[in-house]
Asker: 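What follows is a structure written as structure tokens; I'll ask about it next.
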There are 2 protein chains.
Amino acid sequence: MTSSPDFPQMLRDAGLRVTRQRLAVMDALVELAHADTESVIGVVRRDLPEVSHQAVYDSLRTLTAAGLARRIQPNGSLARYEVRVGDNHHHLVCRSCGEITDVDCAVGEIPCLTASDDHGYVIDEAEVIYWGLCPACSADSAGPETNHPDPTPRQEKQRRV
Amino acid sequence: MTSSPDFPQMLRDAGLRVTRQRLAVMDALVELAHADTESVIGVVRRDLPEVSHQAVYDSLRTLTAAGLARRIQPNGSLARYEVRVGDNHHHLVCRSCGEITDVDCAVGEIPCLTASDDHGYVIDEAEVIYWGLCPACSADSAGPETNHPDPTPRQEKQRRV
DNA sequence: GCCCTTTCTTGAATGAGTCAAGACAGCCGT
DNA sequence: ACGGCTGTCTTGACTCATTCAAGAAAGGGC
């Protein structure tokens with residue numbers, strides 16, 4: 001994996017103060033792809049055991065507002081974050097287990113930014129979410145005798161909106 | 001506007017019982033485009049003053065599961081619903097006021113259903129959200145002297161996830 | 001180093017959405 | 001038509017991700 005970008009400089013460039021908490025949050029986002037807030041808190045506390053959840057919430061919001069992170073929130077699941085890498089990728093979300101996977105832009109360029117009729121909107125971003133079943137879950141539901149007593153344990157637990 | 005479709009029959013076809021509450025919810029979804037749950041409750045209670053919010057929540061979930069309604073939930077705003085009309089349209093969301101507008105599929109067909117790499121997923125739907133500013137909000141932020149003391153009153157209030 | 005300002009800690013509040021148990025009402029069979 | 005079975009609705013309490021508020025702490029320009 002490439003070494004992490006210069007986060008302190010990125011924060012400074014965004015006009016934000018460089019704090020240990022924010023750096024830890026960004027490291028956590030790099031480590032955990034599509035992490036929910038709770039996971040971020042967990043990883044951040046591995047380095048800074050005393051961080052408050054409030055600091056993490058605030059950092060995530062600040063980083064998102066500054067364009068350094070991106071917030072995604074598929075229907076019915078809790079908020080997830082990823083570092084914004086500048087490319088134009090979208091997401092595959094499994095309807096069964098909720099897993100999220102990156103996909104490159106469907107056509108290779110950014111045609112998806114062009115709506116057929118913009119209704120007067122000034123569009124700055126197109127967000128695409130592909131819904132379906134991940135390989136594991138589609139395999140589960142394929143065989144009739146596959147015996148999967150609880151195919152969506154975490155999903156049910158996460159149902160907070 | 002065209003007369004509403006045969007909701008009772010649609011419910012029956014979906015294997016659901018036909019109840020006044022569900023019909024009222026579907027009527028409300030037709031009347032209110034992209035309605036949040038609270039609005040739906042309000043409209044439903046105009047006809048059936050005694051409905052419980054629980055019945056509306058349950059109806060919305062049931063209708064969504066049956067494919068008669070569709071749930072959309074742009075980042076950071078609360079859940080919204082629309083009747084599923086069978087066409088392949090997407091949404092424009094204003095970053096400032098949160099307004100949602102329908103757009104037809106970008107290319108006229110459903111190419112957006114084709115991810116460049118499906119990562120083994122069985123994809124059944126592609127959801128596209130275009131982010132930007134609606135005509136009113138972009139007009140507000142255009143002129144320097146436009147004087148808009150509170151450009152996002154409702155948005156701030158809605159910030160529940 | 002100092003001071004100003006932003007950010008973090010602490011702790012409580014908010015409120016959309018969920019759960020549970022009993023009352024009620026579609027709908028099927030007779 | 002009517003009764004009963006079963007799926008829905010009412011009622012009311014609860015959950016918990018996220019936000020709010022106020023004071024303490026720590027960046028960073030001078």
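These numbers come from the heavy atoms of this one structure, side chains and all, not from hydrogens, waters or symmetry mates. What you see is a predicted model; the values in this text were computed from it and never measured. Chain A is the first sequence line, chain B the second, and so forth, proteins listed ahead of strands; every chain is numbered from 1.
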Asker: Round to the nearest Å and state the distance from Leu78(B) atom CG to dT18(C) atom P.
Answerer: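 Answer to the nearest Å: 13 Å.
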Asker: Under a plain distance cut-off of 3.5 Å, with no hydrogens placed, do Gln54(B) and Asp58(B) share a side-chain donor-acceptor pair?
Answerer: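 The criterion, which ignores hydrogens and geometry beyond distance, is not satisfied for Gln54(B) and Asp58(B).
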Asker: With a cut-off of less than 4.0 Å, is there a side-chain N or O of Thr37(A) near OP1 or OP2 of dT18(D)?
Answerer: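 Affirmative; the distance criterion is met.
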Asker: Rounding to an integer number of Å, can you tell me how far Leu60(A) CG sits from dT19(D) C1'?
Answerer: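 About 14 Å, once rounded to whole Å.
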Asker: Tell me what Gln21(B) touches on the nucleic acid: a base, only sugar-phosphate, or nothing, going by heavy atoms under 4.0 Å.
Answerer: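 Touches sugar-phosphate only.
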Asker: dT6(C) phosphate, OP1 or OP2: any side-chain N/O from Thr19(A) under 4.0 angstrom?
Answerer: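 Checking dT6(C) against Thr19(A), no side-chain N or O comes under 4.0 Å of OP1 or OP2.
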Asker: Determine the contact category for Glu50(B): base if any of its heavy atoms lies under 4.0 Å from a base atom, sugar-phosphate if only primed atoms, P, OP1 or OP2 are that close, otherwise nothing.
Answerer: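 Sugar-phosphate contact only.
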Asker: Strictly below 4.0 Å, N to O, side chains only: are Glu127(A) and Arg71(A) in salt-bridge contact?
Answerer: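 Result for this pair is no, no salt bridge flagged.
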Asker: Check the distance between dC27(C)'s P and Arg22(B)'s CZ and give it to me in whole angstrom.
Answerer: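 Atom CZ in Arg22(B) sits about 10 Å away from atom P in dC27(C).
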Asker: With nearest nucleotides of DNA chain C determined for Arg20(B) and His53(B) from heavy-atom distances, which residue corresponds to the more 5′ nucleotide?
Answerer: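 Final value for this comparison: His53(B).
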Asker: Send over the distance from Tyr57(A) OH to dT9(C) C1', rounded to a whole Å.
Answerer: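 Rounding to the nearest Å, OH of Tyr57(A) and C1' of dT9(C) are 16 Å apart.
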Asker: So, is Arg12(B) close to the dC27(C) phosphate, meaning a side-chain N or O under 4.0 Å from OP1 or OP2?
Answerer: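 Answer is yes, contact under 4.0 Å.
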Asker: Rounding to a whole Å, what distance do you find between Gln73(B):CD and dT18(D):P?
Answerer: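 Gln73(B) atom CD is separated from dT18(D) atom P by 11 Å.
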Asker: After noting the C-alpha distance and the side-chain angles of Leu16(A) and Thr62(A), does the key distance pass the side chain to side chain contact (heavy atoms under 4.5 Å, CB included) rule?
Answerer: CA-CA 9 Å; Leu16(A) 299 172; Thr62(A) 305; 3.6 Å; yes
Asker: Run the salt bridge (Lys or Arg N to Asp or Glu O under 4.0 Å) test on Arg45(B) and Glu50(B) for me, step by step, so that the C-alpha distance in whole Å, both residues' side-chain angles and the decisive distance to 0.1 Å come before the verdict.
Answerer: CA-CA 7 Å; Arg45(B) 285 198 174 144; Glu50(B) 298 303 320; over 6 Å; no
Asker: When you measure only distances, ignoring hydrogens and angles, does the side chain of Arg17(A) come within 3.5 Å of the base of dT6(C) through a donor and an acceptor?
Answerer: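 In this structure, the two groups form a donor-acceptor pair.
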